[in-house]
Amino acid sequence: MPLVTLAEVLQEADAKGYAVGAFNCNNMEIVQAIIGAAEAEGAPVIIQASQGAIKYAGLQYITSLVRTAAAGTRVPVVLHLDHGTDFEQVLRCLRAGFTSVMIDGSKYPLEENIALTRQVVEIAHAIGASVEGELGRIGGTEDHVSVSEREATMTVPEEAARFVAETGVDALAVAIGTAHGRYKGKPQLDFERLAAIDGLINTPIVLHGSSGVPDEDIRRAVALGVRKINIDTDIRIVFVEAMRRALADNPEEIDPRKVLGPARDAATSVIRHKMRVFGSAGRLHNSIPG
Ligand code: G3H
Ligand code: 13P
Ligand code: ZN
């Protein structure tokens with residue numbers, strides 16, 4: 001079926017109380033792993049590309065890969081720009097056929113973030129695409145921040161209410177204690193803050209930096225209103241580990257398919273598990289008709 005928008009899949013998820021996985025892709029094998037998992041689990045899915053992924057693979061390659069994947073399946077697929085920070089890149093993605101973009105204005109003061117995000121919403125909505133905004137700062141696990149610094153970067157619920165009202169975003173990424181990359185210890189999520197945000201807004205909430213967050217914490221976040229869950233690092237880990245294993249088992253191997261095939265399979269397994277935890281597995285029959 002043709003690509004669908006983020007608003008469409010998140011509306012359905014919100015009505016039924018589950019979250020849709022948003023998985024980062026960088027190459028054909030990862031796109032195939034994501035779509036293979038979605039088909040095996042009967043789950044709607046968001047395939048997202050960061051600006052870095054687009055720089056690596058090329059905008060047309062990413063768009064063509066995901067369009068091809070979507071065209072051959074009845075699973076609803078969204079093609080989403082992850083952490084767009086460059087206004088012109090956002091426009092290029094929309095023109096190329098992305099059905100959703102994130103504009104990450106979180107490094108700006110609130111007023112500027114609102115103004116930038118609103119501008120993207122006006123353009124994207126005019127052509128039927130969706131927009132995710134970010135409020136609060138979601139850093140990396142490598143950032144050395146104190147507890148008080150971490151608190152200061154978290155999303156303020158009242159500001160979230162103002163942000164969604166003034167921008168009209170279709171989804172809001174919040175900072176509640178997760179970070180991008182591999183956690184050293186157990187991430188500490190601020191569930192009270194999440195509940196407070198959910199109580200003040202009707203817009204679907206997005207959780208970034210979700211790799212390495214224990215399954216029970218993910219389930220709790222979904223119960224508190226998270227509807228889009230971003231996963232990149234957990235795919236990277238199993239993908240590259242499988243490649244390392246394949247090469248270690250057969251150091252003379254020169255066929256890339258023998259190295260990338262197992263990596264694709266390993267990624268499929270981890271994505272299938274995430275879909276079951278998010279509650280998106282088995283929702284296909286309830287989804288947007290194809
Ligand atoms: O949020 C960050 C994503 O994991 C994408 O990372 O910019 O290295 O592609 P990247
Ligand atoms: P992880 O790499 O920590 O899973 O974060 C992914 C993400 O938030 C992409 O925007
Ligand atoms: Zn992110």
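Indexing begins at 1, ligand by ligand and atom by atom, following the structure's order.
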Heavy-atom contacts with H83 under 4.0 Å: which atoms of ligand 1 show up? List them by number with element.
-> 1 (O)
Working to the nearest 0.5 Å, report the span between CD1 of I271 and CZ of F278.
-> 10.0 Å
Does A173 have a heavy atom less than 4.0 Å from any atom of ligand 2?
-> no
Among all protein non-hydrogen atoms, which one is nearest to atom 4 (O) of ligand 2, and what is the separation to 0.1 Å?
-> S211 OG, 2.5 Å
Of all protein heavy atoms, the one nearest atom 3 (C) of ligand 1 is D232 OD2, 3.4 Å
Under 3.5 Å: N/O of D234 near N/O of ligand 2 = no
So CG of D14 and CZ of R227: to nearest 0.5 Å the spacing works out to 5.0 Å
For ligand 1, note which part of H208 has a heavy atom under 4.0 Å away: side chain, backbone, both or neither.
-> neither
Do the non-hydrogen side-chain atoms of E149 and T153 ever get within less than 4.5 Å of each other?
-> no
Is K228 salt-bridged to E132, cutoff N-O under 4.0 Å?
-> yes
Which of parallel (below 30°), tilted (30 to 60°) and perpendicular (above 60°) describes H208 and H83?
-> perpendicular
Heavy-atom nearest option to atom 9 (C) of ligand 2, drawn from D82, T178, I237, D232 | D82
So for N24 against ligand 2, with non-hydrogen atoms under 4.0 Å, the contacting part is side chain
Ligand 2 and G181, any nitrogen or oxygen pair closer than 3.5 angstrom?
-> yes
Calculate, to the nearest 0.5 Å, the distance between atoms CD1 and CG belonging to I47 and D82 respectively.
-> 13.0 Å
Under 4.0 Å to a heavy atom of H180 - the qualifying atoms of ligand 1, by number | 1 (O), 2 (C)
Assess the side chains of S280 and E41: does a donor N or O sit below 3.5 Å from an acceptor N or O?
-> no
Which of the atoms of ligand 2 are close to A179, meaning less than 4.0 Å from one of its heavy atoms?
-> 3 (O)
Roughly, to 10 degrees, what angle do H208 atom ND1 and H180 atom NE2 form around the Zn ion (ligand 3)?
-> 120°
Counting from 1 in the order shown, the ligand 1 atoms closer than 4.0 Å to a non-hydrogen atom of D82 are 1 (O), 3 (C)
Protein heavy-atom partner closest to atom 2 (O) of ligand 2 - residue, atom, separation in Å | T233 OG1, 2.6 Å
Output the list of atoms in ligand 2 that are nearer than 4.0 Å to some heavy atom of H208, sorted by atom number.
-> 8 (O), 10 (O)
May I ask you to list the atoms of ligand 2 that are less than 4.0 angstrom from any heavy atom of I231?
-> 4 (O)
Hey, is N24 touching ligand 1 through its side chain, its backbone, both or neither, going by heavy atoms under 4.0 Å?
-> side chain
Under 4.0 Å from one or more heavy atoms of H180, ligand 2 contributes atoms 3 (O), 5 (O), 6 (C), 7 (C), 8 (O), 10 (O)
Between atom CG of N113 and atom CZ of R118, what is the distance when rounded to the nearest 0.5 Å?
-> 11.5 Å
Counting from 1 in the order shown, the ligand 2 atoms closer than 4.0 Å to a non-hydrogen atom of H83 are 10 (O)
Out of G181, G140, S50, whose heavy atom sits nearest atom 7 (O) of ligand 1?
-> S50
Check whether any side-chain heavy atom of I62 sits under 4.5 Å from a side-chain heavy atom of C25, and report yes or no.
-> yes
Mind checking whether R236 contacts ligand 1 via backbone (N, CA, C, O), side chain (CB onward), both or neither, at a 4.0 Å heavy-atom cut-off?
-> side chain
Specify the closest pair of heavy atoms between P262 and A242, including all atoms of both residues, with the distance to one decimal.
-> O-CB, 3.8 Å
Side chain, backbone, both or neither: N230 near ligand 1, heavy atoms under 4.0 Å = neither
Go through the steps for R257 and E29 under the test salt bridge (Lys or Arg N to Asp or Glu O under 4.0 Å), then give the verdict.
-> CA-CA 10 Å; R257 296 169 296 190; E29 283 77 9; over 6 Å; no
Strictly by modelled atom types, are T5 and E8 linked by a side-chain donor-acceptor pair under 3.5 Å?
-> yes
Using heavy atoms and a threshold below 4.0 Å, how should the contact between A22 and ligand 2 be classified: side chain, backbone, both, or neither?
-> neither
For H273 and D215, what are the C-alpha separation, side-chain angles and deciding distance, and is it a side chain to side chain donor-acceptor pair (under 3.5 Å)?
-> CA-CA 10 Å; H273 174 76; D215 291 350; 2.8 Å; yes
Can R220 be said to sit on top of F191's aromatic six-ring, NZ or CZ under 6.0 Å from centre and within 45° of the ring axis?
-> yes
